Amino acid sequence: MSSVRSVVRHVPWTIAPDREPDGEPITYVLQCVVCRERSERSEHWKTPQKWALRHSGKNPTHHTFREVIWRPWRTHMNDEPGARS
Ligand SMILES: [Zn+2]
């Protein structure tokens, strides 16, 4: 049995941050660079920042943190109805 493959048309795709109402929220984490412990993942910066301050208070040699941001992205075909470009 042979397979048949065809390309009907090529459609360009675009990727952009997902700002749809049902999209995932942007969330934030701070991670200690020294021990790699992480804050709770939160939609607001205050939670990770408070965690970092408490973490430094409990571990006086842990002063450096990295931010981790989960930002949802979405792809769409450029000729899709309602597509943004
Ligand atoms: Zn630490």
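Quick caveat: nothing in here was measured; it's all calculated off a predicted structure. When a ligand or atom number is given, it counts from 1 through the structure's own listing order.
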message: Ring-plane angle category for His55 and His62, please: parallel below 30°, perpendicular beyond 60°, tilted otherwise.
response: tilted
- prompt: Does the side chain of Trp73 reach to within under 4.5 Å of the side chain of Asp18, using non-hydrogen atoms?
  reply: no
- prompt: Should Thr27 and Ser42 count as side-chain neighbours, where that means a heavy-atom distance under 4.5 Å?
  reply: no
query: For the side chain of Thr64 and the backbone of Val33, is there at least one donor-acceptor N/O pair under 3.5 Å apart?
result: no
field: Arg41 atom CZ: more than 12 heavy-atom contacts under 6.0 Å
entry: yes
field: Atoms of the protein (N/O/S only) found under 2.8 Å from the Zn ion (ligand 1)
entry: Cys32 SG, Cys35 SG, His55 NE2, His62 ND1
message: Quick check on side chain to side chain donor-acceptor pair (under 3.5 Å): which of Arg66, Arg36, Glu37 does Gln31 satisfy it with?
response: Arg66
